**Q** 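Before I ask anything, let me first share the structure, which is written out below as structure tokens.
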There are 2 protein chains.
Amino acid sequence: MGAVTIYDVAERAGVSIKSVSRVLNGEQNVSVALRAKVQEAVDALGYRPSLSARSLAGSSSYLIAAFVDADLTIEHWRSGRGNDYLSRMELGALIEARNSGYHLMIELVDPGSPTLERDMSSVLGSLKPDGVILTPPISDASVVLDVLEARGTPYVRLGPETQLDRGRRVYMDERRAAFDMTVHLARLGHREIGFIVGNPRYAASRLRREGFEAAMAQHGLAVRDDWVLEGDFTFTSGFECGARMLAGAERPTAIFASNDDMAFGVLQAASRGGLAVPADLSLVGFDDTPSAQFSMPQLTTVRQPVAEMAETAARMLISAAQAKTDDGLERVHQAAYTLIARESSAPPRLARAARIPVGQG
Amino acid sequence: MGAVTIYDVAERAGVSIKSVSRVLNGEQNVSVALRAKVQEAVDALGYRPSLSARSLAGSSSYLIAAFVDADLTIEHWRSGRGNDYLSRMELGALIEARNSGYHLMIELVDPGSPTLERDMSSVLGSLKPDGVILTPPISDASVVLDVLEARGTPYVRLGPETQLDRGRRVYMDERRAAFDMTVHLARLGHREIGFIVGNPRYAASRLRREGFEAAMAQHGLAVRDDWVLEGDFTFTSGFECGARMLAGAERPTAIFASNDDMAFGVLQAASRGGLAVPADLSLVGFDDTPSAQFSMPQLTTVRQPVAEMAETAARMLISAAQAKTDDGLERVHQAAYTLIARESSAPPRLARAARIPVGQG
DNA sequence: TCCGGAAATGACAGCGCTGTCAATAGGATG
DNA sequence: CATCCTATTGACAGCGCTGTCATTTCCGGA
């Protein structure tokens with residue numbers, strides 16, 4: 001059947017298998033004539049080198065592995081819901097890998113497992129990937145970094161928070177994005193702004209909160225404790241926090257939820273409470289999930305270019321795998337975010353906006 | 001470093017490498033004592049067999065490949081949006097693969113490419129996967145099936161429409177689901193129901209439409225040509241079709257969109273047209289995308305258990321790879337769908353519902 | 001014309017496993 | 001106790017490539 005080997009190609013081209021190998025790998029010191037002969041044979045036979053043979057014999061496996069949090073994945077699997085971040089990350093990595101003749105493998109990693117170190121060695125040992133992409137929250141699992149470094153496997157961390165000097169990373173300035181979003185609300189005239197924190201397990205939660213607080217401070221706005229509630233990135237938690245925040249006699253004119261899902265929860269709560277968005281309450285999220293453009297009103301949010309980030313990560317790894325030396329390779333890449341102002345944020349109602357100076361004066 | 005080989009294990013256990021191999025592969029005729037010795041050594045050394053060596057030497061690669069439509073993927077990638085179907089499919093396949101010690105690889109395939117056959121051989125030749133999962137619309141690409149069959153690689157088709165006798169498949173009864181959904185609307189009292197067809201490229205589009213028509217016929221309801229519009233599964237197309245259908249003096253009391261994204265488009269159109277859902281218009285979709293539970297009103301839709309289906313597919317492939325003979329293996333699996341009635345569907349307003357008999361009497 | 005060195009090519013030994021087949025060890029049989 | 005059969009284990013040859021090192025070829029310069 002299709003089992004064309006390097007021997008067949010060599011025979012047809014009338015050269016040694018080593019020469020075929022040379023042409024295939026674009027090595028130097030190959031004459032034009034040889035290259036042409038081999039190329040012809042390869043094309044005619046439709047030959048493709050066997051991945052396993054290459055990776056067994058040589059030092060590269062043409063494999064990029066993406067490490068994904070197992071818990072999170074299993075949670076998604078249980079609920080039957082997809083994982084938008086994972087999906088976007090993959091698209092980017094997949095496309096870059098494909099363009100460079102690499103393959104992408106997704107591996108689940110449980111950073112809390114007592115056998116983490118062994119599990120990692122296991123995967124790395126059996127796959128021997130040329131590079132590894134770490135997704136949050138694995139990007140910050142120091143044991144994982146340790147193992148990777150011990151084995152000398154290049155890796156790129158997506159959106160890491162701690163130990164920023166280790167390895168390569170591709171990130172977005174979450175703090176600044178949250179800062180900008182807060183400024184967006186302030187510019188609209190909001191002075192009473194609530195915030196819903198994300199799952200503390202994710203670095204992003206802290207950063208987004210810091211950005212919010214910094215912007216509030218800069219604009220001389222008070223951050224009220226009872227208006228900063230802790231969610232966990234789920235719709236439900238958003239609903240609960242929203243309901244709580246909107247229940248009191250005093251309520252904010254705008255709420256900034258640390259991600260879109262929670263924002264939708266708040267939207268639901270507002271709706272049940274008889275509040276119209278953005279008329280009675282401005283609402284902004286973070287992530288630009290697909291739903292953000294379908295919701296009513298459409299949600300103002302921040303778009304993180306996940307696919308691009310993964311693409312960059314894959315490219316960094318592939319260059320690292322192909323370069324002899326580590327010099328001159330990009331190690332840190334900051335991706336640009338976009339604040340997408342849609343319908344859910346607007347100036348506060350005059351009545352409410354006016355109330356503040358009155359109360360203060 | 002972590003480079004533990006089978007030789008190390010054999011040495012430590014005081015046996016031959018072949019024996020280690022036997023234990024690892026669970027072969028028969030291995031004494032308890034041997035098994036114990038080897039197991040001890042494996043555990044102590046944290047040994048994992050090299051995937052590439054195994055696949056090079058043996059007949060299995062411990063790899064499952066999922067073939068995904070390249071165009072579609074690139075489209076998603078361009079728009080920066082994730083692909084919910086892909087994501088859910090992957091979760092299922094990933095979890096099953098992981099449980100059985102297999103690995104999952106995603107490969108992009110362009111079924112329209114003139115070099116499709118060669119591309120396929122390429123991938124199959126270099127990866128030598130033990131099984132392949134085909135996702136729509138690749139499930140129906142006969143050239144792909146041809147190549148797979150020629151190579152003798154087991155494959156499972158997810159939701160195929162044509163050539164149902166070829167290969168294995170896991171599917172959902174789309175027609176019946178659409179039928180049920182239509183009945184749902186009819187039972188609520190709707191008699192004037194519009195339908196938005198999906199992208200003709202997908203088999204599901206036709207099936208859903210057939211289900212709709214069959215149910216209408218069974219309930220003695222007329223299918224009006226101007227109330228059956230053709231979209232392409234995108235939000236925008238849903239918006240346009242919705243706007244068109246709702247513009248006329250006569251408009252349906254309910255609209256069934258072939259997928260959720262289009263339903264959201266209709267929702268938007270209805271909203272702009274001053275129509276409240278479900279008060280003035282009942283609206284139902286198909287797919288249960290994440291947004292369906294966050295939208296307002298929450299969308300009535302059909303949930304396809306994509307993750308489960310992929311899980312089943314992976315399991316079928318793994319059993320096929322492990323079985324000596326093909327006998328007794330499951331080849332066809334029908335997955336159960338769920339009609340999720342949420343807020344967007346309700347009885348038509350009395351005024352409108354009453355109008356019909358008046359007009360007819 | 002001959003020589004040294006760089007450029008181009010080939011020969012060959014594995015990479016870490018599995019498949020095949022041979023060898024050895026126990027048991028049951030007569 | 002010899003014989004035969006089966007359960008168990010091992011020896012060894014690759015799988016299809018790449019890395020290393022040897023060999024051949026080709027030039028420019030003496």
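Owing to the predicted nature of the structure, the values given are computational and were not obtained by experimental measurement. Proteins get letters first, then strands, A, B, ... in listed order; numbering begins at 1 in each.
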**Q** For residues 312-323 of chain A, which residue pairs pass the salt bridge (charged side-chain N to carboxylate O under 4.0 Å, His left out) check, not counting sequence neighbours?
**A**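 Only A/E96-A/R315 qualify under salt bridge (charged side-chain N to carboxylate O under 4.0 Å, His left out).
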
**Q** I'd like to know if A/D140 and A/R201 make a salt bridge, using a cut-off of under 4.0 Å between side-chain N and carboxylate O.
**A**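 The answer is no: the pair does not qualify as a salt bridge.
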
**Q** May I have the distance from A/Y62 (atom OH) to D/dC17 (atom C1'), rounded to whole angstrom?
**A**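 The answer, rounded to whole Å, is 10 Å.
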
**Q** Any salt bridge (charged side-chain N to carboxylate O under 4.0 Å, His left out) involving residues 110-137 of chain B? Give me the pairs, sequence neighbours left out, ordered by first then second residue.
**A**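 Non-adjacent pairs meeting salt bridge (charged side-chain N to carboxylate O under 4.0 Å, His left out): zero.
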
**Q** Please state how far atom CD1 in B/I6 lies from atom P in C/dT18, giving the value in whole angstrom units.
**A**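 For the pair B/I6 CD1 and C/dT18 P, the rounded distance is 6 Å.
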
**Q** Evaluate the criterion salt bridge (Lys or Arg N to Asp or Glu O under 4.0 Å) for residue pair A/R166 and A/D146; output intermediate values, then yes/no.
**A** CA-CA 10 Å; A/R166 296 182 73 177; A/D146 291 344; 2.7 Å; yes

**Q** Got a sec, which residues hit ring pair (Phe, Tyr, Trp, His ring centres under 6.0 Å) with A/Y155, two or more places apart in sequence or on another chain?
**A**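 Checked A/Y155 against ring pair (Phe, Tyr, Trp, His ring centres under 6.0 Å); zero matches.
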
**Q** Could you name each residue pair satisfying side chain to side chain donor-acceptor pair (under 3.5 Å) that touches residues 28-42 of chain B, not counting sequence neighbours?
**A**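 Sorted pair list: B/R12-B/E40.
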
**Q** Between the axis at one end of the helix from C/dT1-D/dA30 to C/dG30-D/dC1 and the axis at the other (five pairs apiece), what's the angle to 10 degrees?
**A**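 Nearest ten degrees gives 50° for this helix.
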
**Q** Side chain of A/V15, heavy atoms from C-beta onward: which of C/dG10, C/dA8, D/dG16 has the nearest atom to it?
**A**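 Of the options given, the side chain of A/V15 lies nearest C/dG10.
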
**Q** Using a 4.0 Å heavy-atom cut-off across all strands, classify A/Y47 as base, sugar-phosphate, or nothing.
**A**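 If one applies the 4.0 Å heavy-atom cut-off, A/Y47 turns out to touch the sugar-phosphate alone, with no base involved.
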
**Q** Rounded to the nearest angstrom, tell me the gap between atom CG in B/L127 and atom P in D/dC17.
**A**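 Taking atom P of D/dC17 as the reference, CG of B/L127 is at 14 Å.
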
**Q** What is the distance from CD of A/Q28 to P of C/dA8, rounded to the nearest Å?
**A**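 Distance check: A/Q28 CD to C/dA8 P gives 9 Å.
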
**Q** Who are the side chain to side chain contact (heavy atoms under 4.5 Å, CB included) partners of B/R48, not counting sequence neighbours?
**A**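 Applying side chain to side chain contact (heavy atoms under 4.5 Å, CB included) to B/R48 gives A/S122, A/S126.
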
**Q** Rounded to whole angstroms, how far apart are CD1 on B/I17 and P on C/dT20?
**A**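 The answer, rounded to whole Å, is 16 Å.
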
**Q** To the nearest angstrom, how far is B/R35 atom CZ from D/dT9 atom C1'?
**A**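 Computing the B/R35:CZ to D/dT9:C1' distance gives 13 Å.
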
**Q** Between the protein and nucleotides 19-25 of chain D, are there any N/O to N/O pairs under 3.5 Å, and if so, what are the atom names and distances?
**A**
from: D/dG19; atom 1: OP1; to: A/S59; atom 2: OG; distance (Å): 3.4
from: D/dG19; atom 1: N7; to: A/K18; atom 2: NZ; distance (Å): 2.7

**Q** So, OP1 or OP2 of D/dT9: does either fall under 4.0 Å of a side-chain N or O from B/S19?
**A**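 B/S19 to D/dT9 OP1/OP2: no side-chain N or O under 4.0 Å.
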
**Q** Mapping B/S16 and B/L56 onto DNA chain D by nearest heavy atom, which one lands closer to the 5' end?
**A**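 The residue closer to the strand's 5' end, by nearest nucleotide, is B/S16.
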
**Q** State which of D/dT9, D/dG10, C/dT18 makes the closest approach to the side chain of B/S31.
**A**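 Nucleotide nearest to B/S31's side chain: D/dT9.
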
**Q** Partners of B/Y62 by ring pair (Phe, Tyr, Trp, His ring centres under 6.0 Å), sequence neighbours excluded?
**A**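 Per chain and number, B/Y62 pairs via ring pair (Phe, Tyr, Trp, His ring centres under 6.0 Å) with B/Y102.
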
**Q** Give every residue pair that meets the ring-ring contact (aromatic ring centres under 6.0 Å, His included) criterion with at least one member in residues 121-141 of chain B, sequence neighbours excluded.
**A**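 Residue pairs with at least one partner in residues 121-141 of chain B: there are none.
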
**Q** Roughly how many Å is it from CG in B/N29 to P in C/dT24, rounded to a whole number?
**A**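 Those two atoms, CG and P, are 19 Å apart.
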
**Q** On the side chain of A/Y7, is there an atom forming a donor-acceptor pair with the base of D/dC15 - under 3.5 Å, no angle test?
**A**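 Answer no: no donor N or O sits under 3.5 Å from an acceptor.
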
**Q** Please give, in whole Å, the distance from C/dG16 P to B/N25 CG?
**A**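 Between P of C/dG16 and CG of B/N25: 17 Å.
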
